Amino acid sequence: MAKGEKGPKGKKITLKVAKNCIKITFDGKKRLDLSKMGITTFPKCILRLNDVDELDLSRNLIRKIPDSISKFQNLRWLDLHSNYIDKLPESIGQMTSLLYLNVSNNRLTSNGLPVELKQLKNIRTVNLGLNHLDSVPTTLGALKELHEVGLHDNLLNNIPVSISKLPKLKKLNIKRNPFPKPDESETFIDSIRRLENLYVVEEKDLCAACLRKCQNARDKLNRIKNMAMTTPRKTIFPNLISPNSMAKDSWEDWRIRSTSS
């Protein structure tokens, strides 16, 4: 940005606007959805709505998350993806109710991830993809409840052993990282026997048409797989009077018996 040039002026979020953005999810949770609103700074007024269960500030222009975010003590779901965040506050470790954290597509570096992340003992999903991480934070190895980890599209050249030892890890995405050997990521994935599939995108992030297309493709593959595994039934003709291929060597004997009967 040139000297003297002002940054983009974001939309001002008032308490009234924020209250109107609270939605009730299908499972009865309160979600404050402020995504795609052109917000440039964290709106302090939303701290008065700290009883919400979910907070979505994704797809904005936010550069800094304040320490005061820890006032959301009931928060289970935090989505900050697609902003300009280069550092997470240390206070995020106090949000021990968090189950889901998405900070993908930001400007995070390895130094921008506080060690206090290890205090999120209940967290199950962490997406750190599309950032500038050159090493995996060792704190991830302490999060024993992790089911899904996104580390794709970073600057990683290795994955620590602590990640492979996560007892409940099921989905992992480490695609498009500059590993020294082309097959290193595949070797790592194979070493986790319980791994079910790579974590690429959640169903909730797909539009209805795309989700339906993926489900149809999956169903088709399952049908093909089931057909291949099914043993074809052998047809039996009990009243067959002509010789089959197994009787070629005894053709003459069969002919004689057939004409004499």
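Predicted model, so just to flag it, every value in this text is computed and none were measured.
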Donor-acceptor contact present, side-chain Asn50 to main-chain Phe72, <3.5 Å: no
Nearest-0.5 Å distance, CG of residue Leu47 to OG of residue Ser68: 4.5 Å
Side-chain (Asn177) to main-chain (Leu151) donor-acceptor, under 3.5 angstrom: yes
Heavy-atom check, side chain of Leu49 versus side chain of Lys19, under 4.5 Å: yes
Shortest non-hydrogen contact from His152 toward Arg176: ND1-NH2, 4.4 Å
Just distance, no hydrogens or angles: give the donor-acceptor pairs under 3.5 Å from side chains in residues 85-94, sequence neighbours left out.
unit_1: Ser91; atom_1: OG; unit_2: Asp67; atom_2: O; d: 2.7

Residues that Leu99 engages under side chain to side chain contact (heavy atoms under 4.5 Å, CB included), provided they are two or more places apart: Arg76, Asn122, Arg124
Side-chain donor-acceptor pairs of residues 134-147 under 3.5 Å, sequence neighbours excluded:
unit_1: Asp134; atom_1: OD1; unit_2: Ser110; atom_2: OG; d: 3.0
unit_1: Ser135; atom_1: OG; unit_2: Ser110; atom_2: OG; d: 3.2
unit_1: Lys144; atom_1: NZ; unit_2: Gly141; atom_2: O; d: 3.0
unit_1: Glu145; atom_1: OE1; unit_2: Lys168; atom_2: NZ; d: 2.9
unit_1: Glu145; atom_1: OE2; unit_2: Lys168; atom_2: NZ; d: 3.2
unit_1: His147; atom_1: ND1; unit_2: Glu145; atom_2: O; d: 2.7

Side chain to side chain contact (heavy atoms under 4.5 Å, CB included) assessment of His132 paired with Arg107: CA-CA 6 Å; His132 306 293; Arg107 297 180 176 178; 4.1 Å; yes
salt_bridge(Asp53, Arg31) N-O dist < 4.0 Å: no
Value rounded to 0.5 Å, distance of CH2 in Trp77 from CG in Leu101: 11.0 Å
Nearest-0.5 Å distance that lies between atom CD1 in Ile69 and atom CG in Leu78: 5.0 Å
Closest heavy-atom pair and its distance - Ile13, Ala18: CG2-CB, 4.2 Å
Step-by-step side chain to side chain contact (heavy atoms under 4.5 Å, CB included) determination, Ile65 to Leu80: CA-CA 9 Å; Ile65 300 299; Leu80 300 172; 4.1 Å; yes
Test side chain to side chain contact (heavy atoms under 4.5 Å, CB included) applied to Val149 and Leu169, step by step: CA-CA 8 Å; Val149 178; Leu169 184 63; 3.8 Å; yes
Cluster link Leu15 to Ile22, ILVMFWY, side chain under 4.5 Å: yes
Test: Arg63 cationic atom under 6.0 Å from Tyr84 six-membered ring centre, within 45° of axis: yes
Test log, rule side chain to side chain donor-acceptor pair (under 3.5 Å), inputs Thr109 and Asn111: CA-CA 5 Å; Thr109 63; Asn111 291 333; 5.1 Å; no
Beyond-backbone contact of Leu34 with Pro43, side-chain heavy atoms, under 4.5 angstrom: yes
Exam field: side chain Ser82 to backbone Asn105, donor-acceptor pair closer than 3.5 Å: no
Heavy-atom pair of closest approach, residues Lys23 and Asp33: NZ-OD2, 3.2 Å
Least distance between heavy atoms, Leu75 atom then Met95 atom: CD2-CE, 3.5 Å
Side-chain heavy-atom pair Val103, Leu128 within 4.5 angstrom cut-off: yes
Leu133 backbone acceptor or donor facing Asn131 side chain under 3.5 Å: no
Heavy-atom check, side chain of Ile159 versus side chain of Phe179, under 4.5 Å: yes
Lys36 NZ: over 12 foreign heavy atoms closer than 6.0 Å: no
Point-to-point distance, once rounded to the nearest 0.5 Å, from CD of Glu116 to OG of Ser70: 11.5 Å
Cluster link Leu108 to Leu130, ILVMFWY, side chain under 4.5 Å: no
Donor-acceptor under 3.5 Å (Asn106 side chain, Asn83 main chain): yes
Option from Lys29, Lys71, Lys30 for which salt bridge (Lys or Arg N to Asp or Glu O under 4.0 Å) with Asp51 holds: Lys30
Whether Asn60 side chain and Met37 backbone form a donor-acceptor pair below 3.5 Å: yes
Gap separating the CD1 atom of Ile163 from the CD1 atom of Ile174, nearest 0.5 angstrom: 10.0 Å
Residue pair Ser104 / Asn102: nearest heavy atoms and the distance that separates them: OG-OD1, 2.8 Å
